[in-house]
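Here is the structure we will look at.
Note that these values count all heavy atoms, side chains included, but never hydrogens, waters or copies made by symmetry. Ligands are counted one by one from 1 in listed order, and the atoms in each one are counted from 1 as well.
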Amino acid sequence: MSIEIAYNSWASSYDSNKNKTRDLDKKATIETLEMYSFESVLELGSGTGKNTEYLVEKASKIICFDFSEKMLAKAKKRIASPKVQFVKIDLNKEWNLSDNSVDLITCSLTLEHIQNLDKIFNQAYHKLKQGGLFFICELHPIKQYLGSKAQFETEEGIKDLEVFTHHLSEYLEFAYKYQFKLLEIKEWFDDVDKDRNQLLKIPRLISFVFKK
Ligand SMILES: C[S@@+](CC[C@H](N)C(=O)[O-])C[C@H]1O[C@@H](n2cnc3c(N)ncnc32)[C@H](O)[C@@H]1O
């Protein structure tokens, strides 16, 4: 099953299924972006609009890129705002957007489905205004090494999606290649992992804020 078709199937239950990764990403996104101000935003892999809902309160213009028709349809139902434009597009292709046009690019839980990060960082760099920010929040590479991946429940059982492991060094390599400055790197843990005495403390997510 292609990634696009898998998300079309997942769309109806994406917001209601138990999903610690989705919920922690929301917290990480809000806690991180609260510290910054921005007017125009490009959201990569915007899905059902979980984070768009927050961005619409802070920004005056948001462009949402996603290739899943059904995920986009859920987001459109959730957010009826003239500030938001939804665009069906494959992120691996050329992004139809002017260069130097946005203050912030956000990307949550999407890069695990993208094999070639070089193209993403390259386009992100060109689309951002000078001084613009690139926020990324993804499944932590440690979780990927241990076999975690995007998956969802269907009547026939658990469906795994196609994913690509991205090492920490990959994110940094491409950020430096396109001359981004690293402002923040954070690891995000489930609540239960906050207990310092617990033996197994593995971060679920990793986030970065890069500046052009
Ligand atoms: C796990 S969901 C995350 C959605 C949202 N960012 C969130 O945090 O809830 C990943 C999203 O990325 C989209 N996606 C994955 N690969 C893509 C690609 N190559 N082009 C466009 N969208 C893609 C999927 O359709 C899906 O909506």
* To do: Look only at the side chain of D66 and the backbone of L72, and say whether a donor-acceptor pair between them is shorter than 3.5 Å.
  => no
* Asked: So, for I79 and G49, which heavy atoms are closest and what is the spacing to 0.1 Å?
  -> CD1-O, 3.6 Å
* To do: List every atom of ligand 1 that sits less than 4.0 Å from any heavy atom of N92, numbering the atoms from 1 in the order shown and giving each element.
  => 19 (N)
* Asked: Ring centres of H167 and Y145 under 6.0 Å apart?
  -> yes
* Structure fact -> Any heavy atom of F67 under 4.0 Å from ligand 1? The part involved is both
* Identify, by atom number and element, the atoms of ligand 1 in contact range of S46, meaning under 4.0 Å from any of its heavy atoms. => 5 (C)
* Nearest-option assignment for atom 25 (O) of ligand 1, heavy atoms, candidates D66, L139, V87, L72 -> D66
* Provide, to 0.1 Å, the distance between atom 12 (O) of ligand 1 and the closest protein heavy atom, together with that atom's residue and name. => T110 OG1, 3.3 Å
* Selected option - heavy-atom contact closest to atom 6 (N) of ligand 1, from G45, G47, A6 -> G45
* With heavy atoms only and a cut-off of under 4.0 Å, state how N51 meets ligand 1: side chain, backbone, both or neither. => side chain
* To do: Begin from the C-alpha positions of Q123 and Y178 and carry the test side chain to side chain donor-acceptor pair (under 3.5 Å) through to its verdict.
  => CA-CA 10 Å; Q123 297 207 73; Y178 295 102; over 6 Å; no
* Is there at least one pair of N or O atoms, one from S108 and one from ligand 1, spaced under 3.5 Å apart? -> yes
* Using a 4.0 Å heavy-atom cut-off, say whether I89 meets ligand 1 through its side chain, its backbone, both or neither. => backbone
* Decide whether an N or O pair under 3.5 Å exists between Y14 and ligand 1. => yes
* Hey, is ligand 1 close enough to Y7 that some N/O pair sits below 3.5 Å? -> no
* To do: Taking the six-membered ring for Trp and the single ring otherwise, decide whether the centroids of Y171 and F210 are under 6.0 Å apart.
  => no
* Should you measure from each heavy atom of D25, which atoms of ligand 1 turn up under 4.0 Å away? -> 8 (O)
* To do: Go through the side-chain N and O atoms of D118 and N116 and say whether any donor and acceptor fall under 3.5 Å apart.
  => no
* Would you give the length of the straight line joining atom CD1 of I136 to atom OG of S207, rounded to the nearest 0.5 angstrom? => 9.5 Å
* Any chance the rings of Y125 and F180 have centres within less than 6.0 Å? -> yes
* Asked: Is there a nitrogen or oxygen of R22 sitting under 3.5 Å from a nitrogen or oxygen of ligand 1?
  -> no
* **Short side-chain donor-acceptor distance under 3.5 Å, E184 and T32** => no
* **Proximal ligand 1 atoms for M71, defined as those under 4.0 Å from one of its heavy atoms** => 27 (O)
* To do: Mark yes when over 12 heavy atoms from residues, nucleotides or ligands other than E34 sit less than 6.0 Å from its CD; otherwise mark no.
  => yes
* Asked: Under 4.0 Å from ligand 1, counting heavy atoms only, is it the side chain of C107, its backbone, both or neither?
  -> neither
* To do: Flag L109 as yes when one of its N or O atoms lies below 3.5 Å from any N or O atom of ligand 1, and as no otherwise.
  => no
* With a cut-off of 4.0 Å, which atoms of ligand 1 are near a heavy atom of D90? -> 18 (C), 19 (N), 20 (N)
* Within 45° cone of Y7 ring axis and under 6.0 Å: K70 NZ or CZ -> no
* Where is the nearest protein heavy atom to atom 7 (C) of ligand 1: which residue, which atom, and how far? -> K50 NZ, 3.2 Å
* Asked: When only distance counts, is L91 in polar contact with ligand 1, meaning an N/O pair under 3.5 Å?
  -> yes
* Check the side chains of H166 and Q144 for a donor-acceptor pair under 3.5 angstrom, ignoring hydrogens and angles. => no
